[in-house]
Amino acid sequence: MEKILNYIDGEMRAPSSNKYINNYNPSSGLVYSLIANSSKKDINSAVDSAKQAFNDWSTSSKKFRHDVLMSIADKIEENFEALVVAESLDNGKTESLARRVDIPRASENFRFFATAILHFSSETHDMDGKALNYTLREPVGVCACISPWNLPLYLLTWKIAPALAAGNTVVAKPSEITPMTAYLLSKICIEAGVPKGVLNIVHGLGSEIGDNLTTHPDVPIVSFTGGTLTGQHIAKVTAPMFKKLSLELGGKNPNIVFDDADFEKSVSMAVKAGFSNQGQICLCGSRLFVQETIYEKFKIALLEKISELAVGSPLDNKTDIGAVVSHEHMTKILSKIEEAEELGGEILCGGKRKILAGNLKGGYYLEPTVIEGLSYDCSINQEEIFGPVLSLLPFKSEEEVIMMANSTKYGLSASIFTNDISRGHRVAAKIKAGVVWVNTWLLRDLRIPFGGMKQSGIGREGGFKSLQFFTEPKNVCIKI
Ligand code: NDP
């Protein structure tokens with residue numbers, strides 16, 4: 001069985017414990033590879049190597065770093081199909097989604113930041129000719145980059161690429177639930193000629209090696225994407241060490257449909273926002289608010305559209321909904337659906353595990369589920385479920401829906417569907433979320449500030465915001 005090894009000091013290494021964790025294929029429920037179960041010793045080796053590499057890498061020219069990142073992007077594209085297959089096998093997502101979204105975005109992340117660093121500039125502040133301040137932007141040091149399982153290579157490279165472009169070295173820890181494409185990326189980096197120690201990737205349990213990495217005294221900066229509880233923990237353990245911290249956390253995003261919206265488009269977008277990647281995208285619109293004047297008509301159209309979704313093998317191009325990521329996660333989602341029923345919710349469709357035939361019978365498939373009749377402030381409408389589960393809620397007025405949309409502890413994203421442009425602007429201004437879409441969902445420009453308000457995170461990623469995070473400003477004042 002293939003062993004997923006660590007990438008430390010420019011080479012693939014077995015974990016020092018020589019212990020491995022089973023890696024499951026969610027589409028069949030079977031173990032298909034083994035993951036390095038790393039320990040503090042491996043983290044220490046990776047940090048030491050990154051520290052050694054920092055001097056040369058941080059003083060290398062921007063053009064040199066650009067060229068290295070571009071050659072990683074080239075190699076990702078050369079290995080495109082292998083990465084698509086690996087991402088789908090490891091995560092349960094459909095190959096078509098990995099081909100359309102995950103893998104193209106991984107190479108794009110490297111190209112985007114390879115180029116961005118060539119255009120990155122800093123400020124000067126002139127004191128009426130008496131003195132001149134200029135700000136240098138220096139790489140920070142060894143960065144910890146920690147990413148989740150839902151968009152494995154996409155989110156890992158979204159951190160690694162700007163960190164490296166800015167001149168830092170990196171120790172990355174992908175989720176142990178989906179390590180395969182990070183492992184393939186390690187091999188790609190060796191082929192692409194990434195200098196040793198510049199990027200290190202260590203696999204293992206977040207609860208065990210996560211703290212070793214985030215609290216390591218030689219790691220001054222942590223970029224984390226994952227759940228709010230893990231984010232809280234990282235904030236707590238790193239605060240006394242005054243580390244630079246970026247947290248991209250959970251969401252419970254509202255999708256708001258006004259009665260003047262383009263009906264067909266808003267139904268299609270509600271389905272896409274609810275069920276893409278089996279509802280396992282932090283930006284999914286899991287709370288669907290529909291104005292009461294069109295509620296019944298919308299509900300019928302929504303359920304009809306959902307009935308057309310095919311749950312099936314991730315390899316099949318006709319499949320819309322693949323497997324959720326793990327048995328544990330599937331059980332959690334099913335228990336949330338039970339909780340919704342106990343709270344008086346009515347399951348309008350789905351609600352159950354789907355057992356497929358043949359060698360897929362042990363796979364973690366769930367029917368797309370819609371629940372109605374729950375109050376906006378109950379646990380199901382307040383806590384993230386992160387699965388193919390939509391809660392449908394009617395609303396009367398703009399004021400009421402804004403109040404309900406803003407009622408959770410999260411503030412990651414929101415979508416508004418309306419043909420009244422003034423209403424679009426007005427509601428967008430009042431929604432507490434880092435990203436608001438009007439008449440669309442998940443339309444991403446990599447230059448925008450991306451991140452969450454409230455308990456959805458701290459800081460913003462994207463474009464120059466990422467490069468600002470991964471650099472330390474130093475002001476120099478010259479008396480003239
Ligand atoms: P987790 O918080 O469980 O894990 C995220 C990463 O943190 C994993 O690599 C995990 O490792 C690691 N980790 C776990 N414990 C620690 C620790 N004590 N110290 C350091 N690292 C640790 O999140 P999930 O992987 O379950 O991802 C789903 C969550 O991510 C959802 O809440 C989702 O909303 C959020 N998310 C947010 C995004 C955003 O941009 N705001 C984007 C995508 C997802 P391991 O898996 O090995 O335990």
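When a ligand or atom number is given, it counts from 1 through the structure's own listing order.
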Report task. Would you check whether Gly227 has a nitrogen or oxygen atom less than 3.5 angstrom from a nitrogen or oxygen atom of ligand 1? Result -> yes
Requested in this report: Below 4.0 angstrom from a heavy atom of Asn150, which ligand 1 atoms are there? Numbered from 1 as shown, please.
Outcome: 43 (C), 44 (C)
Query - Protein residue, atom and distance nearest to atom 27 (O) of ligand 1, heavy-atom basis - result: Pro148 CB, 3.3 Å
Query - Taking atom 35 (C) of ligand 1 as the reference point, the nearest protein heavy atom with its distance - result: Gly226 O, 3.2 Å
Report summary line: Among non-hydrogen protein atoms, atom 45 (P) of ligand 1 lies closest to Glu176 OE1, 3.1 Å
Query raised in the report: Does ligand 1 have any atom sitting under 4.0 Å from a heavy atom of Gly231?
Result: no
Query raised in the report: Would you say the side-chain atoms of Lys159 and Ser147 include a donor-acceptor pair closer than 3.5 Å?
Result: no
Query raised in the report: By number and element, which atoms of ligand 1 are closer than 4.0 Å to a non-hydrogen atom of Trp149?
Result: 24 (P), 25 (O), 26 (O), 27 (O)
Requested in this report: Show your working on salt bridge (charged side-chain N to carboxylate O under 4.0 Å, His left out) between Arg105 and Glu108 and close with a plain yes or no.
Outcome: CA-CA 5 Å; Arg105 192 40 206 286; Glu108 201 185 341; 5.0 Å; no
Query raised in the report: When only distance counts, is Phe386 in polar contact with ligand 1, meaning an N/O pair under 3.5 Å?
Result: no
Requested in this report: Please could you name the atoms of ligand 1 that Gly204 approaches to less than 4.0 Å, counting only its heavy atoms?
Outcome: 47 (O)
Report task. Using the six-membered ring wherever Trp is involved, compare the ring planes of Phe386 and Trp149 and label them parallel, tilted or perpendicular (cut-offs 30° and 60°). Result -> perpendicular
Query raised in the report: At a non-hydrogen distance cut-off of under 4.0 Å, which region of Ser207 contacts ligand 1 (side chain, backbone, both, or neither)?
Result: backbone
Report task. Count the heavy atoms belonging to other residues, nucleotides or ligands that lie under 6.0 Å from CD of Gln52, then report whether that count exceeds 12. Result -> no
Report task. Return yes if a side-chain donor-acceptor contact under 3.5 Å exists between Asn23 and Asp90, otherwise no. Result -> yes
Requested in this report: Decide if atom NZ of Lys432 counts as having more than 12 heavy atoms of other residues, nucleotides or ligands within a radius under 6.0 Å.
Outcome: no
Query raised in the report: Are any of the side-chain heavy atoms of Leu89 and Met180 separated by less than 4.5 Å?
Result: no
Query raised in the report: Is the count of non-hydrogen atoms from other residues, nucleotides or ligands lying under 6.0 Å from Lys454 atom NZ greater than 12?
Result: yes
Query raised in the report: Is it the case that more than 12 heavy atoms not belonging to Arg444 sit under 6.0 Å from its CZ atom?
Result: yes
Query raised in the report: Which of these, Thr230, Leu229, Leu249, has its nearest heavy atom closest to atom 2 (O) of ligand 1?
Result: Thr230
Requested in this report: Report yes or no: does a heavy atom of Gly452 sit under 4.0 Å from some atom of ligand 1?
Outcome: no
Report task. Please write down residue, atom name and distance for the protein heavy atom closest to atom 7 (O) of ligand 1. Result -> Phe224 CE1, 3.1 Å
Report task. May I ask you to check if ligand 1 and Ser147 share an N or O to N or O distance below 3.5 Å? Result -> yes
Query raised in the report: Among Leu185, Val194, Val202, whose side chain to side chain contact (heavy atoms under 4.5 Å, CB included) with Tyr7 holds?
Result: Val194
Requested in this report: Check Ser407, Ser391, Ser456, Ser286 against Lys252 for a side chain to side chain contact (heavy atoms under 4.5 Å, CB included) and give me the one that passes.
Outcome: Ser286
Query raised in the report: What protein heavy atom sits nearest atom 42 (C) of ligand 1, and how far away is it?
Result: Cys282 SG, 2.8 Å
Query raised in the report: For ligand 1, which atoms sit closer than 4.0 Å to a heavy atom of Leu412?
Result: 41 (N)
**Report entry** Residue and atom name of the nearest protein heavy atom (relative to atom 18 (N) of ligand 1), distance in Å to one decimal
**Finding:** His233 CD2, 3.4 Å
Report task. Report, in ascending order of atom number, the atoms of ligand 1 lying under 4.0 Å from any heavy atom of Asp211. Result -> 18 (N), 19 (N)
Query raised in the report: Do Ser39 and Glu208 have a side chain donor and acceptor closer than 3.5 Å?
Result: no
**Report entry** Phe112, Phe470, Phe120, Phe113 screened by ring pair (Phe, Tyr, Trp, His ring centres under 6.0 Å) with Phe464, the one that passes
**Finding:** Phe120
Query raised in the report: Just to confirm, does any protein heavy atom lie below 4.0 Å from atom 4 (O) of ligand 1?
Result: no
Query raised in the report: Which heavy atom of the protein is the closest neighbour of atom 32 (O) of ligand 1, given with residue, atom name and distance?
Result: Glu384 OE1, 2.6 Å
Requested in this report: Give me the one residue out of Val325, Leu155, Ile177 that meets side chain to side chain contact (heavy atoms under 4.5 Å, CB included) with Asn150.
Outcome: Leu155
Report summary line: closest protein heavy atom to atom 20 (C) of ligand 1 is Gly210 CA, 3.3 Å
Query - Close-contact set for ligand 1 against Pro174 heavy atoms, below 4.0 Å - result: 9 (O)
Query - Min N/O separation Lys173 to ligand 1 under 3.5 Å - result: yes
Query raised in the report: Atoms of ligand 1 less than 4.0 Å from Ile146 heavy atoms?
Result: 6 (C), 7 (O), 9 (O), 12 (C), 20 (C), 21 (N)
Query raised in the report: Quick check: are there more than 12 heavy atoms from other residues, nucleotides or ligands sitting under 6.0 Å from NZ of Lys19?
Result: no
Report summary line: Atoms of ligand 1 under 4.0 Å from any heavy atom of Leu155, numbered from 1 in the order shown, are 42 (C), 43 (C)
